Amino acid sequence: MNDFERMAELLLPDIDKTPDYYEQIYKPRNLPEGARVTRIAPSPTGYLHLGTLFAALVNRITATSTGGVFYTRIEDTDKKREIEGGVEDIISGLDRFGIKIDEGFVSADKQSGEYGPYKQSERAEIYRTYAKSLIKQGLAYPCFCTAEELDEVRKIQEEQKERTGYHGKWAKHRDITFDEVKALIDEGKPYVVRLKSPGSEENRIVFDDTVKGKIEMPENDEDFVILKSDGIPTYHFAHAVDDHLMHTTHVLRGDEWISSVPKHIQLFKLLGFKPPKYGHISPIMKLDNGAKRKISKRKDPEAAVHFFASEGYDSECVIEYLMTIAASDFEDWRRANPDKSYKDFKFNLKKMSVSGALFDSDKLNDVSKTVISKLDSKAVFEKLTDWAKEFDTEFYEILTENPDYTRAMLSIDRDVPKPRKDIAKWSEAKDYFSFFFDKLYTPDFTLPENITPADAAEFLKRYKSVYNVSDDRQQWFDRIKQIAPEIGFAAETKQYKADPESFKGHAGDLSTVLRIAITGRRNTPDLCSIMQVLGYDTCISRIDAAINSL
RNA sequence: GGCCCGGUGGUCAAGAGGCCUAAGACACCGCCCUUUCACGGCGGUAACACGAGUUCGAAUCUCGUCCGGGUCACCA
């Protein structure tokens, strides 16, 4: 045994397997040519946020459109920052947004697939096996520096205007001998395992990022930590081992990782692995006091995906919006394929934006309205009541008190060829539909400026006497047109426009009066339908109330 | 500060040397359609960060400047 081998045995005596063992277990995947294996590797240090969802979507759709596999892996190597329920929130959140997980953590407490375990804390032995192998080859070594020592070195480097970090001549334990290690271990000193980087600042490495294109950087020469003092691997090391063993073909992650690519590539090379393709996704940004910045979990409510749920944004709508950011050609495709699922879209990483997109709630609302307008009243009923049940129980009670009534209400301007685009999120519905429910309705008889209260009252009185609930739309409007000339209004809009001086207004103005009397609004869906749903008695009593208050 | 990445209307973006007098979408405005409200249709305002260079020709290539973002941990 040489010194390196003795060092490896001393440090990791309990490890009796070799990398070969794992290479045998985790065979290459049997997938068709071109199929991409992607993953999302969240760390349960917080709740599912927009950036993670976005990355998950991009990974998912990449796998889907190549007939590949998308899996989840939990990166719980930072026990200090882990939060209760983090895994549950992330996995169930993905599920709520319809991101199907093929493998890995398919639910909070269930792993499936042949490349597991899919939780890093359960893979300790695997990482340690590879680390041991590296030490044996003299490619990694223990470092006994304390945090204080490291700080001091940093200070000196800063004073001397040197590049900071543990590299080259600053790497104190780089050439530590077996005897020295033995002595320190006997003293019970804690240590980390560092990679003995063969790289040099002078050399450049080039890689082809699948979203950003060609990127050139200095080679890594930092002896970065691969095993922390508690024996748990750092992200870098776990990433290399896991993505190799799990046969990930494409690592699509946030672009904050770009700067560590040289470390990763070096690690893959030293470990004898073939590196995956990397694609770095630009973050979703937000405008903050005129400055563009990455959307932040701490400062921005919309960063937590839960925000969308509580606002009542339908998950499908959020995904649809995210797709418009993810792929610049998605909207064109959508126009050509209005009824297909986004999953059928041929996603191309090259069509991703290279710079971060600002989160645009106007756009989200528009996308959302379009998606919801395509839903039939049955679907809307279910989605709306589901939302209300969770976030607005008062509204839920009201909506479900008489389901048929609610369905009839939702059907107006909806189950028709050109549906109305009105609702972007369920939280708007309560106010929007308030006049359908006495418990929510607040009358407001404010008239438009061109109509006098006397005319309005006179019209309503006459209308009341001819009103018939069973009128169809044409008959309904004909009654208004009939009354119009009797009180000085034009029956036809064109008539009025041609000679505005001769009339007080036109039939359309009178329908506005009626709308206000019935709904307290000037903007509503089709009034005739509304009146049918409301029923004769309600309409009459509202008209009476309006007449009395005018 | 070092190292990366980026910069086309308010926003998302198309654009790979001549097809650019720069597409489309959202937002905004106007008009048309219409029984109201919508939907829809048509149109409008509005952009290549700046400066050099290469070229017959630059949004596109090169360099510099400026601006924005990321990263420099025993966090991921």
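In the text below, chain A, chain B and the rest are named by the order of the sequence lines, each starting its count at 1. Predicted model, so just to flag it, every value in this text is computed and none were measured. Just so you know, these numbers use all the heavy atoms, side chains as well, and skip hydrogens, waters and symmetry mates.
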### Task
Could you check A:Asp422 against A:Glu222 and say which one's nearest nucleotide on RNA chain B is further toward the 5' end?
A:Asp422
### Query
If pairing requires Watson-Crick or G-U wobble contacts with both distances under 3.5 Å, which nucleotide is the partner of B:C31?
B:G41
### Query
Looking for any heavy atom pair under 4.0 Å, which part of the strands does A:Thr77 touch: base, sugar-phosphate only, or nothing?
sugar-phosphate
### Message
Using a 4.0 Å heavy-atom cut-off, does A:Lys79 contact any base of the nucleic acid, only the sugar-phosphate backbone, or nothing at all?
### Response
nothing
Taking only N/O atoms, report every protein-nucleotides 31-35 of chain B pair under 3.5 Å with atom names and distance.
none

## Note on the structure
Of the candidates B:C75, B:C26, B:C3, the side chain of A:Lys363 sits closest to B:C26
### Task
Answer with base, sugar-phosphate or nothing: what part of the nucleic acid does A:Arg154 contact at a heavy-atom distance below 4.0 Å?
sugar-phosphate
### Task
Using a heavy-atom cut-off of under 4.0 Å over every strand shown, decide if A:Ser353 touches base, sugar-phosphate, or nothing.
sugar-phosphate
#### Entry: Check: A:Tyr130/A:Arg128 side-chain N/O donor and acceptor closer than 3.5 Å
no
### Message
Among A:Lys196, A:Arg163, A:Lys169, which residue satisfies the salt bridge (charged side-chain N to carboxylate O under 4.0 Å, His left out) criterion with A:Asp221?
### Response
A:Arg163
### Query
With ring centroids as reference points, do A:Phe54 and A:Tyr321 lie under 6.0 angstrom apart?
no
### Task
Taking only the side-chain heavy atoms of A:Glu256 (C-beta and beyond), determine which of B:U71, B:C72, B:A27 contains the nearest atom.
B:U71
### Message
Is it the case that B:C39 (base atoms only) and A:Arg420 (side chain only) share a donor and an acceptor within less than 3.5 Å, ignoring hydrogens and angles?
### Response
no
### Task
Give a yes or no on this: more than 12 heavy atoms of other residues, nucleotides or ligands lie within 6.0 Å of atom CD of A:Glu158.
yes
### Query
Can you tell which of B:C75, B:A25, B:C4 lies closest to the side chain of A:Lys80?
B:C75
### Task
State the pairing partner of B:A73; accept Watson-Crick or G-U wobble contacts with both distances under 3.5 Å, and report none otherwise.
none
### Query
Counting side-chain heavy atoms from C-beta on, which of B:C26, B:C4, B:C5 comes nearest to A:Pro218?
B:C4
### Query
Think A:Lys294 has a side-chain N or O under 4.0 angstrom from the OP1 or OP2 of B:G68?
no
### Query
Between B:C39, B:C4, B:A25, which nucleotide gets closest to the side-chain atoms of A:Lys421?
B:C39
### Query
Of the candidate nucleotides B:C3, B:G24, B:G69, which contains the atom at the shortest distance from the side chain of A:Met217?
B:C3
### Query
So do A:Ile530 and A:Thr524 actually touch side chain to side chain, heavy atoms under 4.5 Å?
yes
### Query
Any luck finding a side-chain donor-acceptor pair between A:Arg521 and A:Ser434 under 3.5 Å?
yes
### B:A76 OP1/OP2 closer than 4.0 Å to side-chain N/O of A:Lys228
yes
### Summary
Paired to B:C63 by Watson-Crick or G-U wobble criteria (both distances under 3.5 Å) is B:G51
### Query
Does B:U21 have a Watson-Crick or wobble mate here (both distances under 3.5 Å), and if so which one?
none
### Listed nucleotide nearest any side-chain atom of A:Ser328, set B:C74, B:A14, B:U11
B:A14
### Message
From the set B:C26, B:C39, B:A73, return the single nucleotide nearest to any side-chain atom of A:Lys418.
### Response
B:C39
Short heteroatom pairs, N/O only, protein and nucleotides 46-48 of chain B, under 3.5 Å:
none

### Message
Regarding B:C3, can its base be found pairing with the side chain of A:Arg163 as donor and acceptor, where the two atoms are less than 3.5 Å apart?
### Response
no
### Query
Do A:Phe347 and A:Trp333 have ring centroids that are under 6.0 Å from one another?
no
### Query
Looking only at atom P, what distance separates B:U62 and B:C4, rounded to whole Å?
15 Å
### Pair assignment for B:A16, Watson-Crick or G-U wobble, requiring both distances under 3.5 Å
none
### Query
Is A:Val192 touching bases, backbone alone, or none of the nucleic acid, heavy atoms closer than 4.0 Å?
base
#### Entry: Closest nucleotide among B:A76, B:A38, B:C3 to the A:Arg204 side chain
B:C3
### Task
For A:Lys374, look at atom NZ and say whether over 12 heavy atoms of other residues, nucleotides or ligands are found less than 6.0 Å away.
yes
### Message
Are there over 12 heavy-atom neighbours, none belonging to A:Tyr47, within less than 6.0 Å of that residue's OH?
### Response
no
### Message
Base, sugar-phosphate or nothing for A:Thr512? Non-hydrogen atoms, less than 4.0 Å.
### Response
sugar-phosphate
### Under 3.5 Å side-chain donor-acceptor pair for A:Tyr141 and A:Asp223
yes
### Task
Measure up the A:His173 and A:Phe144 rings against each other and bin them: parallel (under 30°), tilted (30 to 60°), perpendicular (over 60°).
perpendicular
### Sugar-phosphate, base or nothing in reach of A:Arg334, heavy atoms under 4.0 Å
nothing
### Message
At less than 4.0 Å, is any side-chain N or O atom of A:Asn365 found next to OP1 or OP2 of B:C26? Yes or no.
### Response
no
### Task
For A:Ser229, report the nucleic acid contact type (base, sugar-phosphate, nothing); a contact means any heavy atom under 4.0 Å.
base
### Task
Both distances under 3.5 Å, Watson-Crick or G-U wobble: report the partner of B:G68, or none.
B:C5
## Note on the structure
Scanning all shown strands, the Watson-Crick or wobble mate of B:A46 with both distances under 3.5 Å is none
### Message
Counting C-beta onward and ignoring hydrogens, is there a side-chain heavy-atom pair between A:Ile215 and A:Lys212 closer than 4.5 Å?
### Response
yes
### Summary
B:A58 -> Watson-Crick or G-U wobble partner, both distances under 3.5 Å, gives none
### Message
Here's a test of your reading of the structure: between A:Asp332 and A:Ile258, which maps to the more 5' nucleotide of RNA chain B?
### Response
A:Ile258
### Candidate nucleotides B:A13, B:C75, B:G24, ranked by approach to the side chain of A:Asp78 - the nearest
B:C75
#### Entry: Nearest-Å distance once atom C1' is located in both B:C19 and B:C28
31 Å
### Query
Does the side chain of A:Asp478 reach to within under 4.5 Å of the side chain of A:Trp476, using non-hydrogen atoms?
no
